[in-house]
Amino acid sequence: MSTPKRYLITAALPYANGQKHIGHLAGAYLPADIYVRYLKAQKRDAVFVCGSDEHGTAIPIQATKEGTTAQAIIDKYHPLMEQNFKDLGIVFDVYHRTSDPLHHQTAQEFFTKLEANGDLETKETEQYFDESAQTFLADRYIKGTCPSCGYDSAYGDQCEKCGKSLSPEELINPVSTLSGNAPIKKTTKHWYLPLNRHEEFLRNWILEEHGNDWRPSVVGQCKSWIDGGLQPRAVTRDLDWGVKVPLAGADGKVLYVWFDAPIGYISATKQWALNTGNDWKPYWEDKDTKLVHFIGKDNIVFHCIIFPVMLKLHGNILPTDVPANEFMNLEGDKMSTSRNWKLDMQDYITDFVNKENGGQQMADALRYYLTQIAPETKDSEFMWKGFQDAINSELVSVFGNFVNRSLVLMHKLCNGKVPPYHTDIEDSEDASVKEAIAATAKKVSDLIEGYRFREALFEVIALARIGNGYMQKKEPWIVAKQLAENPAAQKQIDNCLHLCLQLTANLAILAQPFLPFTAKKMCHLLKVVDKILDWENAGSLKLLSVGYTLRAPELLFRKIEDEEIAAQIQKLNDAAQTKKMETANTPITSTSTIAPVKPEIVFDDFAKIDLRVGTIVAASKVEKADKLLQLSVDLGFETRTIVSGIAQHFEPESIVGKQVTVVVNLAPRKMRGIESNGMILMAEDANGKLHFINPSDNINPGSGVS
RNA sequence: GGCGAGGUAGCUCAGUUGGUUAGAGCACAGGAUUCAUAACCCUGAGGUCACGAGUUCAAAUCUCGUUCUCGCUACCA
């Protein structure tokens with residue numbers, strides 16, 4: 001495998017609607033940063049691009065939630081995320097943003113080219129339209145009852161209550177948030193990317209060319225998608241927030257966020273070129289460029305199927321690899337923003353990096369643990385106790401301690417200077433340490449090239465461990481006691497410390513991609529310039545000149561105390577608990593500032609609904625459906641079959657005999673082949689648990705409800 | 001329900017094309033040591049490789065079935 005002429009590395013564009021947590025960091029940004037730092041140390045031509053993804057409907061939604069504008073939201077989170085990355089040592093060559101005019105222009109050009117080449121299709125569909133406002137309604141301007149959880153103010157693209165993503169058609173009783181009127185359906189034209197035309201290409205490219213060198217989960221996920229049948233995907237939508245569709249007669253339409261966001265990698269590269277006076281084109285057009293996307297597993301389809309098709313049509317190079325990571329859990333549970341079960345980058349920075357006893361060493365500490373538990377092959381788990389153990393017994397005790405004892409001994413036994421190396425008394429121990437240094441450099445290098453950062457880091461620690469073992473065998477502090485009788489023994493001390501110091505310098509080089517701040521500090525202690533960190537020096541035994549005076553030792557890392565860990569766990573639980581209470585105490589209708597209550601109806605509207613009390617006489621699971629129960633409900637005048645989406649909340653046996661409220665004059669509807677004749681009313685509590693709405697005492701089935 | 005990825009020591013993970021007593025690190029136990037951040041070093045204990053069949057001289061590894069976890073997807077009137 002020859003070395004490519006240049007590399008372009010991307011990390012998933014973080015969505016600018018809120019803080020990003022350590023799961024995001026471990027999934028994409030940290031591995032990408034490690035890889036890039038390694039490439040740069042190798043003096044390869046590598047450009048690392050990223051930026052904020054600032055379009056899409058969730059940003060305006062977040063704006064509504066925070067009572068502000070979409071622009072204010074992205075102006076708040078874009079610099080925050082940029083600073084967070086910087087604080088944790090994630091160094092992009094450019095951190096761009098999709099709201100930048102350069103990006104709009106790039107995305108429009110991209111779209112225009114595809115459109116001009118006939119690579120897009122147009123289709124007319126019916127969409128909701130507000131007659132009084134004379135406008136099509138983007139998903140977020142439509143509210144209605146969530147079909148999933150029954151929340152009455154769900155948006156047309158997502159229910160904020162249960163988190164399910166929706167399409168406006170799924171909403172029950174949709175209402176325009178502009179006028180409060182029920183919207184009408186009207187045809188509108190949209191552009192589509194016909195993925196189905198490219199099945200052959202995708203099969204060849206992914207399954208044949210990369211079936212073996214990409215991660216199994218990535219190939220598997222793609223295969224699943226391709227086999228499932230590729231569909232044309234809408235590229236545009238009716239919305240006022242995003243990149244305008246650059247065609248006449250497309251007023252009020254923007255590019256769909258999934259289409260514009262990945263193009264952000266290209267505009268970011270352009271911005272980098274502008275900043276540095278380089279040419280961006282070879283990075284996206286020259287075949288000798290290696291393009292690598294670092295992402296989380298939720299992004300596989302976009303980066304392996306959709307974006308490559310776009311790139312191919314537009315005449316760009318394709319990604320060489322897409323090392324997608326799995327997810328990182330936290331203390332036994334999935335990380336979740338809505339449940340407040342997470343560790344934001346900002347929180348870690350505040351609690352550790354920016355504390356008096358913290359500093360950049362704590363940024364490296366986090367980088368160390370996150371790399372050590374990187375979810376490279378399966379979901380992994382961030383445990384605060386695990387964090388403490390990893391730092392205290394590996395980083396501090398093995399790595400930090402080796403560096404420290406080497407420097408301390410050198411000052412005590414060698415007058416603070418790098419001692420000479422006497423080849424005439426070299427023994428097998430010395431030789432094997434020399435070998436280990438060279439071998440580790442090679443191993444770390446190979447592992448990083450193969451995106452196996454966890455193992456690569458392990459090898460770095462292993463080298464420090466070898467150093468500790470070597471010193472233990474040589475015992476220079478014992479030898480020093482014999483100097484009075486045997487002055488020649490100084491040679492043994494010299495050799496031991498000479499090698500330990502050269503090993504330390506090597507550790508700095510090898511650790512640099514993972515622990516950049518620490519590597520820098522080590523350079524300072526060894527009084528060498530940062531240039532020594534170039535990878536070509538890895539494995540060298542001549543990094544420090546004999547007779548060179550070094551600085552007084554300083555500790556590289558501090559231990560993490562039990563109290564700190566306890567405090568973090570407490571904080572995590574408190575935050576989740578608070579969130580839970582908030583949710584429980586907040587009436588559903590006031591969680592949103594817009595249209596908390598549905599539009600007023602007259603009594604006649606209500607009277608149309610025929611509600612009756614019924615008794616469940618039989619219940620069973622619907623086959624091939626996770627959420628459906630088939631119920632037989634005795635309504636007094638007849639027993640009906642009703643299908644209800646409550647299978648995840650109730651065991652069929654446990655609800656037989658229960659009384660429920662039923663809408664009996666609802667139009668029948670087939671679900672999974674079974675006709676449902678009515679609807680069971682349910683209430684949902686703050687925890688998402690469903691409860692039947694029923695009379696307090698058992699009454700006759702068929703009794704009316706009003 | 002369909003599809004994809006996983007299930008290996010208490011914890012985090014390795015195990016190349018099936019081949020001798022299944023490997024690391026952490027944690028744990030014992031020992032040694034004091035230069036070093038109660039650090040290091042040595043030794044040890046600890047596994048029915050999710051479960052059940054099958055193929056084979058030989059299975060953690062291949063095949064089938066079952067089960068659990070995660071993701072994508074369908075189902076929610």
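Heavy atoms only: backbone and side chains are in, while hydrogens, waters and symmetry mates are out.
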Taking pairs as Watson-Crick (N1-N3 plus N6-O4 or O6-N4) or G-U wobble (N1-O2 and O6-N3), each distance under 3.5 Å, the stems of three or more consecutive pairs with RNA chain B are B:1-7 with B:67-73, B:10-13 with B:23-26, B:28-31 with B:41-44, B:50-54 with B:62-66
Phosphate contact (B:A77 OP1 or OP2) by A:S644 side-chain N/O below 4.0 Å
yes
Whole-Å distance, A:D446 CG to B:U16 P, equals 18 Å
Main-chain N/O of A:T518 paired with A:Q360 side-chain donor or acceptor, under 3.5 Å:
no
>> Does A:F557 reach a base, just sugar-phosphate, or nothing at all? Heavy atoms under 4.0 Å.
In response: base
The residue, A:R452 or A:K334, whose nearest nucleotide of RNA chain B is more 5′ is A:R452
A:Q361 side chain to A:R558 main-chain N or O, any donor-acceptor pair under 3.5 Å?
yes
Side-chain contact check for A:S397: nearest option of B:A36, B:A77, B:C40 is B:C40
Between CZ of A:R215 and P of B:C72 the distance, given in whole Å, is 18 Å
Item to complete: Sticking with atom C1', work out how far B:C42 lies from B:C49, rounded to a whole angstrom.
Response: 29 Å
### Query
Using a cut-off of 4.0 Å on non-hydrogen atoms, how would the nucleic acid contact of A:V396 be classed: base, sugar-phosphate, or nothing?
base
Worksheet item: What integer number of Å spans the P atoms of B:A74 and B:C28?
Response: 48 Å
When rounded to whole Å, the OH to P distance for the pair A:Y369 and B:A27 reads 13 Å
Per side-chain hydrogen bond (donor to acceptor under 3.5 Å, both in side chains), A:R215 is matched among A:N325, A:T377, A:D321 by A:N325
Any side-chain donor paired with an acceptor under 3.5 Å for A:N495 and A:H498?
no
From CG of A:N325 across to P of B:G6 the rounded distance in Å is 14 Å
For this session: Would you please test A:K355 and A:E564 for salt bridge (Lys or Arg N to Asp or Glu O under 4.0 Å) and show each step?
Result: CA-CA 12 Å; A:K355 276 280 167 62; A:E564 294 178 85; over 6 Å; no
Item to check | Rounded C1' spacing from B:G18 to B:C13 in Å | outcome: 22 Å
Just by distance, do the side chain of A:K20 and the backbone of A:Y15 share a donor-acceptor pair under 3.5 Å? yes
So salt bridge (charged side-chain N to carboxylate O under 4.0 Å, His left out) across residues 378-389 of chain A, not counting sequence neighbours, yields A:K297-A:D379, A:K385-A:D389
_Would you measure the distance from the P atom in B:C35 across to the matching atom in B:G30 and give it in whole Å?_
25 Å
(Q) Classify the ring geometry of A:W384 against A:F352: parallel below 30°, tilted from 30° to 60°, perpendicular beyond 60°. (A) parallel
For A:E455, the side chain to side chain contact (heavy atoms under 4.5 Å, CB included) test, sequence neighbours excluded, returns A:L447, A:R452
Against the side chain of A:N404, the closest entry in B:A36, B:A5, B:C3 is B:A36
Atom pairs under 3.5 Å, N or O on each side, protein against nucleotides 10-13 of chain B: can you list them with distances?
unit_1	atom_1	unit_2	atom_2	d
B:C13	O3'	A:R454	NH2	2.7

Intermediate values then yes/no, side chain to side chain contact (heavy atoms under 4.5 Å, CB included), A:L501 and A:L550:
CA-CA 10 Å; A:L501 290 170; A:L550 305 186; 4.1 Å; yes
Taken to the nearest whole Å, CG/A:N401 to C1'/B:C40 is 6 Å
What residues 457-468 of chain A contributes to the RNA chain B interface at heavy-atom separation below 4.0 Å is A:F458, A:R465, A:N468
Output one line per pair: protein atom, nucleotide atom from nucleotides 29-34 of chain B, and distance, for all N/O pairs under 3.5 Å.
none

In whole angstroms, the gap separating P of B:C40 from CG of A:N392 amounts to 11 Å
From CZ of A:R405 across to C1' of B:A38 the rounded distance in Å is 14 Å
Pick base, sugar-phosphate or nothing for A:G386, based on heavy-atom distances below 4.0 Å to the nucleic acid. nothing
Open item on the list: When the P atoms of B:U34 and B:A14 are compared, how many Å lie between them, rounded to an integer?
Closed with: 40 Å
When rounded to the nearest Å, what value does the distance between P atoms of B:U48 and B:G10 take? 8 Å
Separation of B:C40 atom P from A:L409 atom CG, nearest Å, is 16 Å
Does B:G4 have OP1 or OP2 sitting under 4.0 Å from an N or O in the side chain of A:K297? no
Assign each of A:K559 and A:S393 the nucleotide of RNA chain B bearing its closest heavy atom; nearer the 5' end lies the nucleotide of A:S393
message: Please check this pair: side chain of A:E459 against backbone of A:V444, looking for a donor-acceptor N/O pair closer than 3.5 Å.
response: no
I'd like to know if the side chain of A:E199 reaches the main chain of A:L230, judged simply by a donor and an acceptor atom lying under 3.5 Å from each other, with no hydrogens or angles considered. no
Where the side chain of A:S432 meets the backbone of A:E429, is there a donor-acceptor pair that is under 3.5 Å apart? yes
_Is it the case that the side chains of A:Y368 and A:E394 hold a donor-acceptor pair, with the cut-off being a distance below 3.5 Å and no angle test?_
yes
(Q) Between A:S224 (side chain only) and A:G220 (backbone N and O only), is there a donor and an acceptor less than 3.5 Å apart? (A) no
Practice prompt. Using the six-membered ring wherever Trp is involved, compare the ring planes of A:F307 and A:H293 and label them parallel, tilted or perpendicular (cut-offs 30° and 60°).
Written response: tilted
*Considering only atom C1', compute the distance from B:C51 to B:G6 and round it to an integer number of Å.*
16 Å
By the 4.0 Å heavy-atom rule, please label A:V643 as base, sugar-phosphate, or nothing. sugar-phosphate
Distance, C1' atom - from B:G7 to B:A50, rounded to whole angstrom: 6 Å
